[in-house]
Amino acid sequence: MDKLIINAISREKRFAVVKNNTVEEIIFDRPEQRSLVGDIYYGTVTKVLPGMNAAFIDIGEEKNAYLHRDVLASYVLSPDRSIEKEKKSVSSFVHQGEKLIVQVDKDATGPKGARVTGIVELLGDNLIYMPQGRYVAVSKKIVDEKDNLRSYGTKLKSEEEGLIFRTSSTSATYEEMVNELSTLRSQYTELLEKAASFKKPGILYQKDTFTELVLEYVMKMSSGEVFIDDLSIKQLIQSRNPNLKVTYYNGKENIFTLHRIEHEIDKALKRIVWLDNGAYLIFDETEALTIIDVNTGKFSGKNDYQDTVVKTNTLAAIEIARQLKLRDLGGIVLIDFIDMKNEKDKRYIQETIEKEFQKDKTRTKIMGFTSLGILQLTRKKTKVSLSEALQEKCPVCEGTGKILSADTIAFRLERELLEHRNSDAEAVLIETTLEVKLAIEPHLDMIEEWMKFKVCFSIQSSATHYYVIKQFGNLDEIAQKAGESY
């Protein structure tokens, strides 16, 4: 049975996809790592560059955003014929100091700021509404209803507006789409009113990426169970997919610890992965590629050597596909299976791993075996890997190994403290490193409000980040001990 375990009550939000009692995927959402794509800003044009046919916009972030002429609302809505419009410079459609509402369509990378568009899109269940889009489009996944939906769209929208019909629109009634469009129009009116109150650039709408990802997974589940520690998301899930059994959890132990997901995270960060038969895999991640070595380990088999090899390689192929998905490893991957002399055995192993990757939504291309017996594949890199998200370079070994980051330890401390909320204690003494204290300090007021007790720190020097909950007690006693430790 499919399960979704959702941990959403702390700042770091996470959910795990479990199939047949095996963790297949873990998704993390951290405030400092979240994408800005889809967020809507009120910005000011700082510079117009006719040579690039673009403008730079101050949206209130660290770097100015880039806006091309072709996605300016004034350009799209211009009554000029297409050929005449194309001849005109960006300065014909926007000027320095102009105030604009824009939406991020590509995150900032390196020295470059985010890329934005002036054609704002508001997402509904069945429609994508563009207040200044001026066209009607239908999802490529829809085949039979394209003409009918385009006809509906032309009737629904005004001349300036644009609509895109999502895949789910095929099962929606005309009345439902009319009501949804009305709601989306109201949302845009609210954005305009909010923008009118702004005196400087800033964010108007922030996409709830985590909830959207959860609902995306939920809508794909035909049956199964969901365990969640957030009531508002629980209600959303129940309204979107009534076929699922949704259980709200409010116990003191963290929901990931309860369902042993925390244990799976720790395993997924290890270099060695043991297989059920005693064989094992070694994962070596580098900037250029990932290398996986398959070893027989304790498994000697019951028949001949080649039978042992094929059985071990088969188990390894299945586990490697799972681990690449779980660890979210992308780019070039080289797999050193145990040497197989028979070409038939190699084909069987390749077909096995291809079959397993069919369950992975991330595009993977199997290149085949090299003359040295190394299986080559590439997996599309969509975001940072699990190790990149949770770990940082170790200052002791100068980057040859990794330790858990101060932020990761701070999040773990926050979750463990939540397990003691509403206790009788007035304060708690935490022994930790200065970096962990600095990571959690900006959020301490909020955490103490949740906990209903004061948090005091005893700072210690350490090459690795850690924490120990030393003592619960009355405030005077704990504060005195914390003061003595400095």
Side-chain angles (χ1 to χ4, degrees), residues 35-123 127-140 146-147 149-166 181 184-185 187-189 191-192 195-196 198 200-205:
S35 169
L36 299 183
V37 174
D39 289 355
I40 300 173
Y41 287 83
Y42 177 69
T44 303
V45 178
T46 58
K47 191 179 288 186
V48 179
L49 302 171
M52 294 175 63
N53 245 352
F56 285 100
I57 316 290
D58 177 6
I59 59 172
E61 295 291 331
E62 184 181 349
K63 299 168 186 169
N64 287 344
Y66 173 86
L67 174 66
H68 194 269
R69 178 203 64 179
D70 293 358
V71 287
L72 275 164
S74 54
Y75 176 83
V76 172
L77 297 177
S78 171
D80 292 342
R81 287 185 304 166
S82 179
I83 298 173
E84 293 172 351
K85 272 203 297 189
E86 287 178 10
K87 290 179 180 177
K88 289 185 176 181
S89 163
V90 63
S91 53
S92 301
F93 302 97
V94 69
H95 59 83
Q96 189 172 334
E98 187 173 346
K99 311 295 184 184
L100 297 174
I101 293 176
V102 293
Q103 188 169 32
V104 178
D105 64 7
K106 186 179 180 182
D107 282 318
T109 54
K112 296 180 180 179
R115 189 179 69 194
V116 296
T117 173
I119 308 304
V120 172
E121 295 183 355
L122 298 180
L123 192 67
L127 302 170
I128 296 174
Y129 172 60
M130 298 169 287
Q132 294 151 325
R134 210 168 191 167
Y135 68 91
V136 176
V138 180
S139 167
K140 291 179 181 178
K146 281 187 183 291
D147 292 338
L149 290 172
R150 283 198 183 96
S151 177
Y152 280 161
T154 305
K155 293 176 184 176
L156 283 170
K157 78 176 196 73
S158 68
E159 185 180 354
E160 285 191 356
E161 292 174 331
L163 290 176
I164 300 173
F165 287 89
R166 305 183 71 189
L181 179 57
L184 293 172
R185 281 172 173 156
Q187 287 178 15
Y188 185 64
T189 301
L191 280 178
L192 292 175
F198 275 36
K200 62 181 181 178
I203 191 161
L204 290 170
Y205 164 79

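If you read the sequence from its start, that first residue is 1, and numbering goes on from there. Scope of the values below: all heavy atoms of this structure, side chains included, with no hydrogens, waters or symmetry mates.
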Q: For E121 and Y129, test the side chains for any donor-to-acceptor distance below 3.5 angstrom and give the result as yes or no.
A: no

Q: Calculate, to the nearest 0.5 Å, the distance between atoms CG and CG belonging to L184 and L163 respectively.
A: 9.0 Å

Q.
Show me the pairs that pass ring-ring contact (aromatic ring centres under 6.0 Å, His included) and involve residues 93-112, at least two apart or across chains.
A. Y75-F93

Q | E160 bridged to R134 by N-O distance under 4.0 Å | A | no

Q. Measuring from L191:CG to I101:CD1, what's the distance to the nearest 0.5 Å?
A. 6.5 Å

Q) For E161, does its backbone N or O pair with a side-chain atom of K157 as donor and acceptor, under 3.5 Å? A) yes

Q) How many angstroms lie between atom CZ of F198 and atom NZ of K200, to the nearest 0.5 angstrom? A) 10.0 Å

Q: Let me see the working for V90 and V48 under side-chain contact (heavy atoms from CB on, under 4.5 Å), right down to the final yes or no.
A: CA-CA 7 Å; V90 63; V48 179; 3.6 Å; yes

Q | More than 12 heavy atoms of other groups within 6.0 Å of K99 NZ | A | yes

(Q) Does either side chain, that of K85 or that of S78, offer a donor lying less than 3.5 Å from an acceptor on the other one? (A) no

Q | Whether over 12 other heavy atoms sit under 6.0 Å from K112 NZ | A | no

Q. Looking only at heavy atoms, which two atoms of L122 and Q187 are closest? And how far apart?
A. CD1-CB, 4.2 Å

(Q) So, taking the atom named CG in L156 and the one named CG in L149, what distance separates them when rounded to the nearest 0.5 Å? (A) 10.0 Å

Q: To the nearest 0.5 angstrom, please state how far the CG atom of L100 sits from the CG atom of L67.
A: 7.0 Å

Q) What are the two closest heavy atoms between I119 and A73, and how far apart are they? A) CD1-CA, 3.8 Å

**Q.** Modelled atom types, side-chain donor and acceptor of Y41 and E61, under 3.5 Å
**A.** yes

(Q) Working to the nearest 0.5 angstrom, can you tell me the gap between D70 CG and N53 CG? (A) 7.0 Å

